[in-house]
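Below, all heavy atoms of this structure are taken into account, side chains as well, without hydrogens, waters or symmetry copies.
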Amino acid sequence: MSIMRNMADLLECSTADDATTVKGLKGKDRELDAGDLGLRSVDRYGDSPVISAIINEFKAMKEELRHTQQWSREEFQRDKEQGTKARAEMDEMRQRHRDEVERLKDSIQLMEKEREKRKVMDEETRMPALEMLELRRRISSLESRSRLDGFTSDVQGSIPRLPQ
């Protein structure tokens, strides 16, 4: 803003002889003297220091703009490269996460299969045990009957029979 005001002041001074009144930014009038700016009254079409000053100011602004644009491009390129790196890292992390999830799923499935196998084996082991228990009970029952039959036959043999 100050550059534009200074340029406007310079233009006003170049058209005036020695002093001129210029409106400021806040609407106040101020008086400028060409001597205050280090300028003398010059012909508009001649080689004047005012025009040189304006041209130099434009060159400086252009150079500053060029530097700013270069800095912006470089900054944009750095940000783009960082974004690309970050995206690659995120993709890598996602892939590792997917792989880990797959491994965990496989582990869970394997554990479930092993549990089912153990359950089937336990049932098979339990079934013969139940069958063995049932067989032992039958054997005991049959032995007790045979003992009773033997006992009754012994008892019957020792008891004299009555003639009929």
From [X] atom [atom1] to [Y] atom [atom2], the distance as rounded to the nearest 0.5 Å:
X      : Y      : atom1 : atom2 : answer
Asp106 : Leu110 : CG    : CG    : 8.5 Å
Ser141 : Arg136 : OG    : CZ    : 15.5 Å
Ser48  : Ile54  : OG    : CD1   : 7.5 Å
Glu89  : Gln82  : CD    : CD    : 10.5 Å
Arg137 : Ile139 : CZ    : CD1   : 12.0 Å
Met61  : Asn56  : CE    : CG    : 12.5 Å

- Can you check side-chain contact (heavy atoms from CB on, under 4.5 Å) on Gln77 and Glu74, steps first, answer last? CA-CA 5 Å; Gln77 189 63 29; Glu74 290 170 357; 5.6 Å; no
What I'd like to find out is whether the side chain of [X] reaches to under 4.5 Å of the side chain of [Y], using heavy atoms alone.
X      : Y      : answer
Lys105 : Glu102 : yes
Ile55  : Ile51  : yes
Gln69  : Arg73  : yes
Arg94  : His97  : no

- Message: For Lys117, is there an ion pair with Glu114 - N to carboxylate O distance below 4.0 angstrom?
- Response: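 Result for this pair is no, no salt bridge flagged.
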- Message: Looking at Arg66 and Glu63, is any side-chain nitrogen of the basic one under 4.0 Å from a carboxylate oxygen of the acidic one?
- Response: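 Yes, this pair counts.
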- Going by atom types alone, do Asp91 and Gln95 pair a side-chain donor with an acceptor below 3.5 Å?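 There is no such pair between these side chains.
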- Message: With a 6.0 Å cut-off (strictly less than), is the heavy-atom count around CZ of Arg78, excluding the residue itself, greater than 12?
- Response: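 Atom CZ in Arg78 is crowded, with more than 12 foreign heavy atoms closer than 6.0 Å.
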